[in-house]
Amino acid sequence: MSVAKTIKELRKNAGYNREEVAGLLNISVATLRKYEDGKSLVRLDILVSMLQIYGSDINKFLNYYKIKNTNELTKTQYVEALKMLEGGN
């Protein structure tokens with residue numbers, strides 16, 4: 001499953017519509033649609049925020065969907081995400 005499909009599924013499972021999530025993330029609905037449709041790669045900071053909104057985190061996301069080192073999310077991005085979750089820059 002791609003990152004795009006995964007974030008769309010997580011949003012739906014959490015009971016949010018695109019307008020709500022876009023507002024919480026301070027992005028346009030069109031941008032969120034592009035992320036969910038795989039037409040644009042989601043920025044790492046946005047992905048981390050999405051996961052927090054959906055009651056998940058980057059570790060659960062990566063482990064559940066077994067996305068460990070793909071073109072969509074590299075190990076470096078993974079480490080950056082962990083730092084963001086811990087409150088570091």
Side-chain angles (χ1 to χ4, degrees):
M1 181 176 285
S2 70
V3 169
K5 288 180 183 177
T6 302
I7 61 174
K8 185 174 186 176
E9 181 178 298
L10 287 171
R11 175 182 57 78
K12 288 181 175 185
N13 289 343
Y16 289 98
N17 63 43
R18 282 183 175 155
E19 290 78 13
E20 293 169 322
V21 173
L24 291 169
L25 294 172
N26 200 27
I27 61 173
S28 70
V29 174
T31 297
L32 181 58
R33 185 179 302 112
K34 287 179 185 177
Y35 291 155
E36 290 185 348
D37 292 343
K39 294 180 179 174
S40 182
L41 292 177
V42 62
R43 290 185 1 217
L44 186 59
D45 60 324
I46 297 293
L47 176 61
V48 170
S49 295
M50 277 182 193
L51 294 174
Q52 290 172 337
I53 291 167
Y54 303 153
S56 190
D57 64 42
I58 200 77
N59 280 322
K60 290 178 190 173
F61 177 79
L62 293 172
N63 288 331
Y64 185 77
Y65 292 96
K66 298 183 185 341
I67 300 171
K68 297 190 188 273
N69 188 12
T70 69
N71 290 333
E72 295 182 88
L73 193 63
T74 66
K75 285 184 181 180
T76 301
Q77 290 171 320
Y78 173 76
V79 170
E80 289 173 4
L82 291 177
K83 288 179 184 176
M84 289 176 78
L85 286 170
E86 294 169 356
N89 294 327

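Along the sequence shown, residues are numbered consecutively beginning with 1.
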Indicate yes or no: at least one non-hydrogen side-chain atom of [X] is less than 4.5 angstrom from one of [Y].
X	Y	result
Tyr54	Val21	yes
Lys8	Asp37	yes
Arg11	Met50	no

Between atom [atom1] of [X] and atom [atom2] of [Y], what is the distance when rounded to the nearest 0.5 Å?
X	Y	atom1	atom2	answer
Ile27	Arg18	CD1	CZ	10.5 Å
Lys12	Ile7	NZ	CD1	12.0 Å
Leu47	Gln52	CG	CD	10.0 Å

Q. Which heavy atom in Ile46 sits nearest to a heavy atom in Tyr35, and how many Å separate them?
A.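 Looking at all heavy atoms of both residues, the closest pair is CG2-CE1, 3.9 Å.
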
Q | Exceeds 12 heavy-atom contacts within 6.0 angstrom, atom CG of Asn26 | A |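 Result for CG/Asn26: open.
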
Q) Quick one: do Val29 and Ile53 end up in the same hydrophobic cluster if we chain Ile, Leu, Val, Met, Phe, Trp and Tyr together by side-chain heavy atoms under 4.5 Å apart? A)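 In one cluster: no.
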
Q: Indicate yes or no for a side-chain donor-acceptor contact from Glu20 to the backbone of Asn17 under 3.5 Å, with no hydrogens or angles considered.
A: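 Indeed, once roles are kept as given, a pair shorter than 3.5 Å links the two residues.
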
